[in-house]
Amino acid sequence: MTATRLLARTALFAASLLTIPSAQAEQAAGIARTDLQRHDLSAPGREAVQVRVDIAPGKAFGQHTHPGEEIIYVLAGTLEYDVDGRPPATLQAGDVLFIPAGTIHAAKNVGNVTASELATYIVEKDKPLLTLVK
């Protein structure tokens, strides 16, 4: 059991190293992601993750997917979401959006102040939280 835990921790550490450059690139591009909490769920193999995302005016977070559902609550500003298969949706502080698992989507700050969202993910454990679409 100890060897399994050590292997799992090593894999998680290696995965986190791979995400550092993309996180730094986001910060430099006017997008800041702040991890708030991560907890196992009662559903086997699933976890809940909450992240605050701040996007500078005029900046966009490109097309990506998640290995589970994303529930968005806009905290401040005005964000336009492009969710595959739907017309673009413009949301303001207090608005919410549900994005099904694996759905390609993107977000852009269309306002003149920094926009912020609380993103709650219900995702498969041990998978990358975010996968960019090429």
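Residues: numbered from 1 along the sequence shown.
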Quick one: does any side-chain atom of [X] pair with a main-chain N or O of [Y] as donor and acceptor, under 3.5 Å?
{"X": "His39", "Y": "Gln37", "result": "no"}
{"X": "His66", "Y": "Leu129", "result": "yes"}
{"X": "Asn109", "Y": "Ile55", "result": "yes"}

Less than 4.5 Å apart, side chain to side chain, heavy atoms only: is that true for [X] and [Y]?
{"X": "His64", "Y": "His105", "answer": "yes"}
{"X": "Asp84", "Y": "Arg86", "answer": "no"}
{"X": "Ile104", "Y": "Val83", "answer": "no"}

Requested in this report: Output, in order, the C-alpha distance, side-chain angles, deciding distance and verdict of side-chain contact (heavy atoms from CB on, under 4.5 Å) for Val53 and Ile31.
Outcome: CA-CA 7 Å; Val53 182; Ile31 298 170; 4.2 Å; yes
Looking at every non-hydrogen atom in both residues, tell me the closest pair between [X] and [Y] and how far apart they are.
{"X": "Lys108", "Y": "Gly58", "answer": "CE-O, 3.9 Å"}
{"X": "Gly111", "Y": "Pro57", "answer": "O-CB, 3.6 Å"}
{"X": "Gly62", "Y": "Ala106", "answer": "C-CB, 3.8 Å"}
{"X": "Thr65", "Y": "Gly102", "answer": "CG2-O, 3.6 Å"}
{"X": "Arg46", "Y": "Gly68", "answer": "NH2-CA, 4.3 Å"}
{"X": "Ala48", "Y": "Ile122", "answer": "CB-CD1, 3.9 Å"}

How long is the straight-line distance from [atom2] of [Y] back to [atom1] of [X], given to the nearest 0.5 Å?
{"X": "Phe98", "Y": "Thr103", "atom1": "CZ", "atom2": "OG1", "answer": "8.5 Å"}
{"X": "Glu117", "Y": "Glu70", "atom1": "CD", "atom2": "CD", "answer": "6.0 Å"}
{"X": "Tyr121", "Y": "Ile72", "atom1": "OH", "atom2": "CD1", "answer": "7.0 Å"}
{"X": "Thr34", "Y": "Leu118", "atom1": "OG1", "atom2": "CG", "answer": "11.0 Å"}

Report task. Evaluate the side-chain contact (heavy atoms from CB on, under 4.5 Å) criterion for residues Ile71 and Val96: first the C-alpha distance (whole Å), next the side-chain angles of each, then the deciding distance (0.1 Å), finally the verdict. Result -> CA-CA 7 Å; Ile71 303 148; Val96 296; 5.8 Å; no
Requested in this report: List the steps, then state whether side-chain contact (heavy atoms from CB on, under 4.5 Å) holds for Val49 with Val51.
Outcome: CA-CA 7 Å; Val49 180; Val51 176; 4.0 Å; yes
Query raised in the report: Can you list the steps and then say if Val110 with Leu79 is a side-chain contact (heavy atoms from CB on, under 4.5 Å)?
Result: CA-CA 6 Å; Val110 294; Leu79 291 165; over 6 Å; no
**Report entry** SB check Arg52 Asp54 (cutoff 4.0 Å)
**Finding:** yes
**Report entry** Glu47 and its side chain to side chain donor-acceptor pair (under 3.5 Å) partner, picked from Lys125, Lys127, Arg38
**Finding:** Arg38
Query raised in the report: Among the clusters formed by ILVMFWY side chains lying less than 4.5 Å apart, do Ile99 and Leu132 turn up in the same one?
Result: yes
Query raised in the report: How about Tyr73 and Gln50: does a side-chain donor come under 3.5 Å of a side-chain acceptor?
Result: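 Not at all, the side chains of Tyr73 and Gln50 share no donor-acceptor pair under 3.5 Å.
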